[in-house]
Amino acid sequence: MMTGKEYRESIRKLKRRVFILGEEVQDVVDHPLTRPHVNAAALTYELAEDPQHQDLMTATSHLTGRRINRFTHIHQSTGDLVKKVKMLRLLGRRTGTCFQRCVGWDALNALYNVTYEVDLKHGTQYFQRLTRFLVHVQDADLMSEGAMTDPKGDRSLPPSKQPDPDMYLHVVARRDDGIVVRGAKLHQTGAVNSHEIIVMPTTALKEEDKDYAVACAVPSDAPGLLFVFGRQASDERRLSGKLDQGNPRFGFVGGEAMVIFDNVFVPWERVFLHGEHEFALPLVETFASYHRQNYGGCKTGVADVLIGAAALMAQYNGVVSSPHIRDKLVEMVQLAETLYACSISCSSEGRPTPAGACYVDPLLANTAKLNTTRNIYEICRLAHDITGGLLATSPSERDLLHPEVGPFIRKYFKGASEVPAEARLRLARLIEGMTGCTALAESMHGAGSPQALRIGLARQANLNEKMELAKALAGLDEGEKP
Ligand code: SF4
Ligand code: FE
């Protein structure tokens, strides 16, 4: 397994084309806008080195019998699924943000199950290829990024009817040694600091969309790949003093990028779906369910930090024992633990798959994520309520250090029991970043927007069975007369 230091070095060595704020950047490890995200991802390596966390952070490969980082493991049991959620909560508690490595992991688990089914039906060799690729990922301890979301153009039209055929990533050429793909993937978490990009289709596909039914692995330094790093609210704070940054080491949210595939060649050995359009939807659903499972893990860990920050702010303000503050803190805890309960339950209710892996209960996984789109907003609202107006109006670190106004800021921002102004300001910045627009939008749209979750719930809810239950109790069974 790689150490955190080795991970950073391995990312530094990649010769990729990354653009940030209109400039091509050579080193994302030390660039102030990307460094926090690299640090958060590096923690997935660092904690695996720590004997105290090895049970959660590592696993035994079912392919090689070797010890591997859990982020490269194929879940073998419900126990593995539960450990996944606990590990994500641990990392959320330590970073206060997204550590990005789950997306590619979920893509590999989804492909493991779906390629097996494709081979059964079509006699293809995808499962074997994927297994060989997995051994490489596990042995080299690589970070993979899961690339699903296409730009989608006119949402009312399928991929093959778009005026611009590149609105969904597709195969544009077939050669003896592989395929060439073109298109783009948007909102890609952790893309600029991953070793591999795992491409999957984004939606259900029909026969006429066959060229869009493609799944493959692309090294992030493959020729033709371009990364454009996204902006986040207040990202220029990272260019200022530590106090203004809120979470200087790990930042906020995952560091999303647009990934452009400008005629990228992929050798056959790395192609895991090619034209079997009827498997696009199962792949999307399997990936989405594994990814939705996560949200009661990572977000609950992040919520633990936020609840702690709100409680600390109340203490700094001298109101921590007021009954209304205690009520609000308790409510935040209940909202967070509800998310966790859903993620644990969809894991415990997992089931073995034909490929020999273990799959979450999709209905409960959808519920976990749909709760996240509401509960995190409510948790943030309560954090704002407790924190007070300094959340939005605090002066900068430069003002605090200014010879004339600095002493006034220190005097008037002081809290209860001589809590220094700087402590309150630092905490306010942490809460501001953790509850800001980018963090909230991620809770809303990451792993699927609410409507996608509702469609999943409607599909899995089995309303007919529920109607039968009601009929039986109301004496409406067939043959029974009123
Ligand atoms: Fe992992 Fe997604 Fe949570 Fe980020 S938001 S830590 S990628 S599950
Ligand atoms: Fe996400």
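It should be emphasised that the depicted structure is a prediction, and the values quoted were computed from it without experimental measurement. All ligand and atom numbering here is 1-based and tracks the order in the structure.
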remark   = Atoms of ligand 1 under 4.0 Å from any heavy atom of N294, numbered from 1 in the order shown, are 8 (S)
Contact atoms of ligand 1, heavy-atom distance to H291 under 4.0 Å = 2 (Fe), 8 (S)
ask   = Counting backbone and side chain alike, does C98 bring an N/O/S atom below 2.8 Å of atom 1 (Fe) of ligand 1?
value = no
remark   = Numbered in order shown, the ligand 1 atoms found under 4.0 Å of a heavy atom of E442 are 5 (S)
request  = Can you label the angle between the H75 ring and the Y290 ring as parallel, tilted or perpendicular, going by 30° and 60°?
outcome  = tilted
ask   = Is the distance between the ring centroids of H31 and F229 less than 6.0 Å?
value = no
message = Using a 4.0 Å cut-off to any heavy atom of K299, which atoms of ligand 1 qualify?
response = 5 (S)
inquiry  = I'd like to check which ligand 1 atoms, numbered from 1 as shown, lie under 4.0 Å from a non-hydrogen atom of F99.
reply    = 6 (S)
key: Residue pairs, two or more places apart or on separate chains, that pass salt bridge (charged side-chain N to carboxylate O under 4.0 Å, His left out) and touch residues 50-59   = D55-K83
message = Are F127 and F272, when compared by the centres of their aromatic rings, separated by less than 6.0 Å?
response = no
note = Counting from 1 in the order shown, the ligand 1 atoms closer than 4.0 Å to a non-hydrogen atom of V103 are 7 (S)
query = Is NZ or CZ of R8 both nearer than 6.0 Å to the six-membered ring centre of Y45 and within 45° of the ring axis?
reply = no
query = How would you list, by chain and number, every residue that makes a ring-ring contact (aromatic ring centres under 6.0 Å, His included) with H195, sequence neighbours excluded?
reply = Y7
message = Report whether any nitrogen, oxygen or sulfur of C298 sits less than 2.8 Å from atom 3 (Fe) of ligand 1 (N, O or S, backbone or side chain).
response = yes
